[in-house]
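Step one of this worksheet: look at the structure below.
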Amino acid sequence: MDKLEGRVAVVTGAGSGIGEGIAYAAAESDMRVVVADIDEDKARAVARDIGDQALPCKVDVSSLSSVEALRETALSHFGSIHLLCNNAGVWIGALMQEADIKDWQYLIDVNLYGVIHGLKAFLPALIAQGEGHIVNTASMGGFISGPPEGLYTTTKFAVVGLSEALAMEVAEQGIGVSVLCPGLVNTNLITQSFAVRPPAYDPGIDHQQPAPDVASGISPRLVGEQVLDAVREGAFYVITHDDYRDIIAMRHDGILAALDAHVARYGSTSGRVT
Ligand SMILES: NC(=O)c1ccc[n+]([C@@H]2O[C@H](COP(=O)([O-])OP(=O)(O)OC[C@H]3O[C@@H](n4cnc5c(N)ncnc54)[C@H](O)[C@@H]3O)[C@@H](O)[C@H]2O)c1
């Protein structure tokens, strides 16, 4: 989508961190922006700072009806939507052998269903319009995994897979798709994930696992600018760090080595997954 001026972006999780950075970058591209977050005060503060072209909106992405209400608010205020950033997300560090089912449900409901709800609520309108772009926030944790990130990376691998299939599915209908896969970004992820966790998801356990040092990460504003570049250029993977290259190569080398070992032992086998 090369022309962004005057168009409308909806960004979830825009009250803080990367979503806030995307909202500012969209506004700097002269887009009108819906600043959506479960934390209404934070959404209001960001929208106020951006100015008249921003509309704050409360949304809980774990609820389909809440995301549908966000779509209706955006449409009634701005008349159309061109860019959807399914960005809201939360983090828990827990060993899988210790995690409570409520930990799993919290991460899956926000990080994965949040994206699915965005698609269910907004995709039909984008397809009907014949134009639009969707950015799903995954993570480097959508390519590589390890304890105590198992729960979190489960959701982020799913967002990468969903986005890859979605990009192929909607390309002919004029819809662009990007998947944002940052390494460490200096945001409120670790504290905010607990601050906004509804009591129903609280397992009452302190997992006492070390949190990633997000404070050592890059600026969310920089990530926002790179997201808007990707939207303009129609880039699929939005990679903001190169320091995971060796680990990604090691993972893929391991898969290819297993494939070669299979051929060496059993011979060539056909039968594609898709
Ligand atoms: N910070 C990092 O190092 C990093 C790295 C890779 C990926 N990410 C991903 O980036 C995204 C943004 O996280 P961030 O780092 O900016 O953290 P952040 O906490 O600063 O911002 C996330 C925002 O999402 C909101 N939110 C949480 N649950 C919500 C819900 N149910 N509905 C609507 N809004 C909700 C929070 O209130 C918060 O304002 C997440 O998907 C996260 O997994 C972050």
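What you see below is based on every heavy atom in this structure, not just the backbone, and it leaves out hydrogens, waters and symmetry mates. As the structure is a computational prediction, the values presented were derived from the model and not from experiment. One-based numbering, in listed order, for ligands and for the atoms of each. Positions are given from 1 along the sequence.
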Next on the checklist: Against the six-membered ring of F143, is R251 placed for a cation-pi contact (under 6.0 Å from the centre, within 45° of the normal)?
Outcome noted: no
Over all heavy atoms of both residues, which pair between [X] and [Y] is shortest? Give the atoms and the distance, please.
{"X": "G89", "Y": "V110", "value": "CA-CG1, 4.0 Å"}
{"X": "S80", "Y": "Q129", "value": "CB-OE1, 4.0 Å"}
{"X": "C85", "Y": "I22", "value": "SG-CG2, 3.8 Å"}
{"X": "V90", "Y": "L107", "value": "O-CD2, 3.3 Å"}
{"X": "A36", "Y": "L70", "value": "CB-CD1, 3.8 Å"}

For [X] and ligand 1, does the shortest N/O to N/O distance drop below 3.5 Å?
{"X": "S139", "answer": "no"}
{"X": "K42", "answer": "no"}
{"X": "N188", "answer": "yes"}
{"X": "I38", "answer": "yes"}

Checklist entry - Which of these passes side chain to side chain contact (heavy atoms under 4.5 Å, CB included) with M31: V11, V8, L228? => result L228
Item to check | Candidate list T12, V59, L119, V10, test side chain to side chain contact (heavy atoms under 4.5 Å, CB included), partner V67, passing option | outcome: V59
Quick one: nearest non-hydrogen protein atom to [atom], plus distance?
{"atom": "atom 20 (O) of ligand 1", "value": "S16 OG, 2.6 Å"}
{"atom": "atom 3 (O) of ligand 1", "value": "V185 N, 2.8 Å"}
{"atom": "atom 5 (C) of ligand 1", "value": "G183 O, 3.1 Å"}
{"atom": "atom 9 (C) of ligand 1", "value": "T137 CG2, 3.6 Å"}
{"atom": "atom 16 (O) of ligand 1", "value": "I18 N, 2.8 Å"}
{"atom": "atom 32 (N) of ligand 1", "value": "V61 N, 3.0 Å"}
{"atom": "atom 43 (O) of ligand 1", "value": "Y152 OH, 2.5 Å"}
{"atom": "atom 36 (C) of ligand 1", "value": "D37 OD1, 3.4 Å"}

Checklist entry - So, does G217 sit close enough to ligand 1 that a heavy atom of it is under 4.0 Å from the ligand? => result no
Checklist entry - Does K156 come within less than 4.0 Å of ligand 1, judged by its heavy atoms? => result yes
Ligand-residue contact atoms, ligand 1 with [X], heavy atoms, under 4.0 Å:
{"X": "V196", "answer": "27 (C), 28 (N), 37 (O)"}
{"X": "L189", "answer": "13 (O), 15 (O), 17 (O), 18 (P), 19 (O), 20 (O), 44 (C)"}
{"X": "V59", "answer": "32 (N), 33 (C)"}
{"X": "G17", "answer": "16 (O), 20 (O)"}
{"X": "L184", "answer": "3 (O)"}
{"X": "A138", "answer": "7 (C), 9 (C)"}
{"X": "V90", "answer": "27 (C), 28 (N)"}
{"X": "G13", "answer": "23 (C), 24 (O), 25 (C)"}

Checklist entry - Crowded around D52 CG? As in, over 12 foreign heavy atoms under 6.0 Å? => result no
Next on the checklist: Is it true that, when you exclude E172 itself, more than 12 heavy atoms of the residues, nucleotides or ligands shown sit nearer than 6.0 Å to its CD?
Outcome noted: no
Next on the checklist: Salt bridge or not between K3 and E131? Use side-chain N to carboxylate O under 4.0 Å.
Outcome noted: no
Next on the checklist: I'd like to know if E225 and R221 make a salt bridge, using a cut-off of under 4.0 Å between side-chain N and carboxylate O.
Outcome noted: no
Nearest candidate to [atom], where distance is taken over non-hydrogen atoms, out of [options]:
{"atom": "atom 31 (N) of ligand 1", "options": "D60, N186, V35", "answer": "D60"}
{"atom": "atom 12 (C) of ligand 1", "options": "D213, D109, N87", "answer": "N87"}
{"atom": "atom 1 (N) of ligand 1", "options": "V223, T187, L180", "answer": "T187"}

Item to check | Partner set under salt bridge (Lys or Arg N to Asp or Glu O under 4.0 Å) for R232, not counting sequence neighbours | outcome: D229
Checklist entry - Can you tell which part of V214 has a heavy atom less than 4.0 Å from ligand 1: side chain, backbone, both or neither? => result side chain
Item to check | Geometric class of the W91/F194 ring pair [parallel <30°, tilted 30-60°, perpendicular >60°] | outcome: perpendicular
Next on the checklist: Once you measure the plane-to-plane angle for Y113 and H117, does it fall in the parallel (<30°), tilted (30-60°) or perpendicular (>60°) bin?
Outcome noted: tilted
